[in-house]
2 protein chains.
Amino acid sequence: MVISLRTVLHGETLFRAGDRFEAMFQVWTGFFKAVVATSRGREQVTGFQMAGDLMGFEGIDSGLHGVDAIALEDSQVCVIPYANLEALGREVPPLQRHLHRTMSREILSDHDAMLRLGSMHSEQRVAAFLLSLSDRLRKRGFSASSLVLRMSREEIGSYLGLKLETVSRTFSKLQARGLLFVRQRQIQITDPAGLRHVLDGATV
Amino acid sequence: MVISLRTVLHGETLFRAGDRFEAMFQVWTGFFKAVVATSRGREQVTGFQMAGDLMGFEGIDSGLHGVDAIALEDSQVCVIPYANLEALGREVPPLQRHLHRTMSREILSDHDAMLRLGSMHSEQRVAAFLLSLSDRLRKRGFSASSLVLRMSREEIGSYLGLKLETVSRTFSKLQARGLLFVRQRQIQITDPAGLRHVLDGATV
DNA sequence: CGGGACATTGACTTACTTCAAAACTCGTGG
DNA sequence: CCACGAGTTTTGAAGTAAGTCAATGTCCCG
């Protein structure tokens, strides 16, 4: 059973859409984005991955990766060859189940993303994004209220279906309302309940 | 090994978000929509399922279903208890692999949906929707050019992140351009290449 | 044949985008 | 150590795609 560690530097690509799918990757340290692209140059960030998150299983079906995975800071990933996983999963049911759960969680989170993209206004999208990020950091033992964004306004915009200017303006608007404090990529969430209220659709 | 068949009439619910996850379902005959909803009444159609499609695996992680599955016409589904599947998958690797592939295909298709929702104009969304539907029907042996929509304009709109009026207007616009012929839920795709051209971003 | 749900179309409004300019951040080299 | 410049973020003003509101048309199903 070979499980190896691999380093990916800031800006480097772990795998590209179209690459042969041979392994999945678990983020050990660092931060990634996943991007889908069309032949005509259209792009969409479909997710951000941090420590513990699994990447690459969207390639199981076709045998080819479906997204580009790009490091947003120097990172280390654990390489999990799919063949090994399949064989091992048969002998160790909990592992099998873990993979199923992880994939099902990814599907749920994609559905959340669709809900954001399909039916929310810019303020609600940004609030949802920040609350979700804050929550994920908290679960990993980091502060839920004080965060440093690893991605640019443009990357946030792509993920949320907004232009970078709109993301920036929305941050400013939420700050003006006293819900948070922004300074470039430093974010302080000063009123999480208020943010949740925005997310729930208050026009306030 | 118990695998049973279940009938779901038009408008009925197969399972609801929050229901205990005990089984997955494969559509035998008929047509379904999957809907996510928030406490505050916001709704989003996340997919449409037809013969052969699997539904419900988004519930594996939490043990609760994550969407409502609602029949858009009288339908029959094959009930696949998850416990059985897990056990059987261990003995029959191809079955295991089939589940993995199906989930990974769902993730890919969700990424496509995010791309549509996040970065396409109404015409491109509608074109993408029709082409994808046409393709799925063709793969099942139906005509790729002549289709009867099972869902309302509102449901299409929810899926595409548009209002029903916009969907209707967009159909009319594409018809005026000679790419298709609409009459209520009857659609004739007269120029699939042209539609694909619209999808690729032609402003024509 | 009539009523209710669904679809189309038009006129007007709005949230977000686009285009443009200024300010901040940070690494590099003079 | 400070100045420069590239990349990013913020902010403003004007434009536009899609939303909203409202009226009319069409199709079933009882």
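Each chain gets a letter, A, B and so on, in the order its sequence line appears, and its residues count up from 1. Just the heavy atoms: all of them, side chains too, but no hydrogens, waters or symmetry mates, feed the values below.
Regarding A:Arg125, its CZ atom lies at a distance of 9 Å from the C1' atom of C:dC16, rounded to whole Å. What separates CZ of A:Phe171 from P of D:dT8 is a distance of 16 Å, to the nearest Å. Atom P of nucleotide C:dC16 and atom CG of A:Leu160 are separated by 12 Å, given to the nearest angstrom. Between B:Leu72 atom CG and C:dC6 atom C1' the separation is 14 Å, expressed in whole Å. Separating the CD1 atom of B:Ile156 from the P atom of C:dA7 is a distance of 8 Å, rounded to the nearest angstrom. In this structure, CG of B:Leu164 is placed 15 Å from P of D:dA22, rounded to the nearest angstrom. Whole-Å rounding puts the B:Gln184 CD to C:dT8 C1' distance at 8 Å. Going from atom CD of B:Gln186 over to atom P of D:dC28 covers 10 Å, rounded to whole Å.
B:Arg185 has no side-chain polar atom (N or O) that falls below the 4.0 Å cut-off from OP1 or OP2 of D:dC27. Contact annotation: B:Ser152 side-chain N/O to C:dC6 OP1/OP2 distance is not under 4.0 Å. Dashed line: the shortest gap from a side-chain N or O of B:Arg183 to OP1 or OP2 of C:dT8 is not under 4.0 Å. Using a 4.0 Å cut-off, some side-chain N or O of A:Ser172 falls inside it from OP1 or OP2 of D:dT11. The shortest distance between the side-chain N/O atoms of A:Ser122 and the OP1/OP2 oxygens of C:dC16 is below 4.0 Å.
Between the side chains of B:Arg125 and B:Tyr159, no donor-acceptor pair is found at a separation under 3.5 Å.
Note: B:Phe25 and B:Phe15 meet the aromatic proximity criterion, with ring centroids under 6.0 Å apart. Outside the 6.0 Å centre-distance limit, the rings of A:Phe32 and A:Phe48 are not counted as a close aromatic pair.
At a threshold of 4.0 Å, the pair A:Asp19-A:Arg16 does not count as salt-bridged, since none of the basic side-chain nitrogens sits closer than that to a carboxylate oxygen.
For B:Arg169 against D:dG19, a side-chain-to-base donor-acceptor contact under 3.5 Å is absent. Contact of B:Glu165 with D:dC21 (side chain to base): a donor-acceptor pair of N or O atoms is detected under 3.5 Å.
B:Gly157 comes within 4.0 angstrom of nothing in the nucleic acid, heavy atoms only.
Taking only side-chain atoms of A:Lys163, from C-beta outward, the nucleotide of C:dT18, C:dT25, C:dT8 with the closest atom is C:dT18. Counting only heavy atoms from C-beta on, A:Arg153 has its side chain closest to D:dT10 among C:dT25, C:dG10, D:dT10.
For CZ of B:Arg140, the number of neighbouring non-hydrogen atoms (other residues, nucleotides, ligands) closer than 6.0 Å is greater than 12.
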